[in-house]
Amino acid sequence: MCLGIPGKIVEITNAENKLALVDVAGVKREVNIVCIVDDEHPPESCLGDWVLIHVGFAMTRINEEEAARTLELLHELGELQEEFQAMKNSEKENP
Amino acid sequence: MKYVDEFRDPEQARKWLEKISALAKQVQAGKDRPLHIMEVCGGHTHTIFRYGIKQMLPPEIELVHGPGCPVCVLPMGRVDDCLALAEHPEVILTTFGDAMRVPGSLKSLLQAKAEGADVRMVYSPTDALSIARKHPDKEVVFFALGFETTMPSTALTVLQAEEEGIKNFSLFCNHITIIPTIKAILDSPDLQLDGFLGPGHVSMIIGQHPYLFIADEHKKPLVIAGFEPLDILQSIWMILNQLKEQRHEIENQYGRVVQVEGNHNALEAIEKVFELREFFEWRGLGSIERSGVRVREGYALYDAERKFSIPNLKIADPKSCQCGEVLRGTLKPKDCKVFGTTCTPETPLGALMVSTEGACAAYYSYGRMDSFESKRETTT
């Protein structure tokens with residue numbers, strides 16, 4: 001819950017509501033990007049950005065190296081698997 | 001992977017450990033106890049145990065595990081309050097997976113779910129809002145908890161509900177805030193701390209400034225740290241270096257993620273939706289002044305505490321449970337009377353055994369490895 005999980009923004013699904021599709025190590029999920037957009041970074045410009053995601057919200061931009069490192073760390077801590085499970089369960093329980 | 005190697009390089013780790021050892025000897029000389037450094041964040045606790053950092057450090061340094069695991073500090077009464085909410089036939093209770101396993105006085109939310117209560121695990125508060133959209137005839141209550149890392153997501157979900165005019169969504173708000181917690185720890189008489197490893201992701205939201213009182217008033221160093229093993233070693237070295245030079249400052253080792261000012265949009269959403277409570281009850285630490293937040297009156301429609309009558313139960317922890325002493329850093333998990341016997345990660349008695357970020361669960365899973373094993377794991 002407290003460690004952010006890195007993902008890459010692969011599609012802006014709703015620019016008005018600041019929603020985007022991210023790819024987290026192959027798993028795709030819609031997240032809210034309102035915390036990383038401002039006048040300098042409109043939603044459209046976020047495509048391709050690597051972000052750190054907390055419970056469905058992109059909280060900060062990171063670079064690709066940081067993303068790779070963090071994914072590896074989360075994997076080793078067993079938290080990546082837990083996050084994926086949480087995403088899957090959330091979808092399964094609430095179709 | 002070359003990126004990973006850079007932060008796991010055993011040669012680098014050895015170099016940092018040598019530097020730490022030399023500095024720790026100088027700084028600790030003349031003291032009758034080891035240097036106490038508290039890691040505030042549960043994520044750091046997890047890394048420290050996973051990579052055996054505790055065992056690698058010289059005897060002059062002792063790491064104290066702080067209260068930075070939100071499910072670990074949740075009092076039993078709040079879980080019972082949730083169970084009472086879930087009993088309303090019109091309520092769908094939603095929350096994070098970790099929160100579902102926290103024991104209440106009789107059962108956890110997970111057990112209540114198995115017995116037929118409509119309790120659903122969600123990954124994000126936005127998933128809870130989606131459930132509300134799909135079930136306009138039901139009231140969807142999100143059991144919100146966590147420090148400033150999860151607080152913005154809850155606030156933004158409320159703002160989204162307002163924008164869409166969704167009226168059957170509310171929060172049972174149990175968010176807590178980090179600064180008063182650190183204050184309470186610094187004010188506790190039985191604890192002697194020499195420095196802090198500052199939380200990485202909370203700081204990403206709140207920035208560096210809120211910690212200034214730790215340096216200015218309490219004259220202690222705090223270094224905001226990343227989660228890689230080498231981040232933690234480097235941050236410990238930075239704390240020692242401050243102690244050696246008799247400095248007490250807020251430094252940021254995790255600059256690749258944490259900006260000095262924090263995240264403006266996230267802070268704005270928090271400010272809009274939440275206000276401080278006069279008091280909030282913590283498991284093990286008791287009542288801490290202005291340490292929790294509630295939904296502002298302007299968003300009363302989204303506040304389960306206003307929509308329902310909440311029993312507000314106060315339940316004392318089981319007598320055998322010593323979570324409080326462990327949380328305050330005055331008792332080591334393995335010295336708790338029930339550790340590993342009646343309290344295990346499978347059947348947690350105390351909250352510190354529930355989450356992988358809890359000190360007891362970490363001790364249980366990794367603490368038993370001998371130092372050689374941990375070192376070997378880190379360097380492969």
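Quick note on labels: first sequence line is chain A, next is B, and so on, each numbered from 1.
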Visitor: If you count heavy-atom pairs under 4.5 Å with chain B, which of A:Arg61, A:Arg29, A:Gln85 comes out on top?
Guide: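 Ranked by heavy-atom pairs under 4.5 Å with chain B, first place is A:Arg29.
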Visitor: Of all the heavy-atom pairs spanning B:Leu156 and A:Phe57, show the shortest one and how long it is.
Guide: CB-CE2, 3.6 Å
Visitor: What residues of residues 33-44 of chain A sit under 4.5 Å from chain B when only non-hydrogen atoms are counted?
Guide: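 The residues closer than 4.5 Å to chain B, in numerical order, are A:Val34, A:Cys35, A:Val37.
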Visitor: Are there over 12 heavy-atom neighbours, none belonging to B:Lys138, within less than 6.0 Å of that residue's NZ?
Guide: yes
Visitor: Chain A heavy atoms under 4.5 Å from B:Thr47: which part of the residue, side chain, backbone, both or neither?
Guide: both
Visitor: Counting heavy-atom pairs closer than 4.5 Å to chain A, which one of B:Lys113, B:His264, B:Glu268, B:Gln259 comes out on top?
Guide: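 Most heavy-atom pairs within the cutoff with chain A belong to B:Lys113.
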Visitor: Report the distance from atom CD1 of B:Ile205 to atom NE2 of A:His54, rounding to the nearest 0.5 Å.
Guide: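 Reported value, rounded in 0.5 Å steps: 6.5 Å.
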Visitor: Checking B:Leu267 against chain A: side chain, backbone, both or neither under 4.5 Å from a heavy atom?
Guide: neither
Visitor: Is there any residue in residues 158-166 of chain B with a non-hydrogen atom under 4.5 Å from a non-hydrogen atom of chain A, and which ones are they?
Guide: B:Gln160, B:Glu163
Visitor: Checking B:Met204 against chain A: side chain, backbone, both or neither under 4.5 Å from a heavy atom?
Guide: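 For B:Met204, the contact with chain A is made by the side chain alone.
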Visitor: For the atom pair NZ (A:Lys88) and CE (B:Met121), what is the distance rounded to the nearest 0.5 Å?
Guide: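 Here the interatomic distance stands at 11.0 Å.
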Visitor: With rounding to the nearest 0.5 angstrom, report the CZ to CG distance, A:Arg69 to B:Asp231.
Guide: 7.5 Å
Visitor: Check A:Leu77 against B:Tyr366 and note the closest heavy-atom contact, atom names and distance.
Guide: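 Nearest pair, atom of A:Leu77 first, then B:Tyr366: O-OH, 4.1 Å.
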Visitor: Kindly indicate, with the supporting measurements, whether the criterion side chain to side chain contact (heavy atoms under 4.5 Å, CB included) is fulfilled by B:Tyr123 and A:Glu91.
Guide: CA-CA 9 Å; B:Tyr123 163 71; A:Glu91 268 177 35; over 6 Å; no
Visitor: Where is the tightest heavy-atom contact between A:Leu3 and B:His201, given as atom of each residue plus distance?
Guide: CA-ND1, 3.7 Å
Visitor: Atom CD in A:Glu72, atom CD in B:Glu228: separation rounded to 0.5 Å?
Guide: 8.5 Å
Visitor: Under 4.5 Å from any heavy atom of chain B, what part of A:Leu52 do you find: side chain, backbone, both or neither?
Guide: side chain
Visitor: Just verifying a value: how many Å separate B:Thr149 OG1 and A:Met59 CE, rounded to the nearest 0.5 Å?
Guide: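 Here the rounded value is 9.0 Å.
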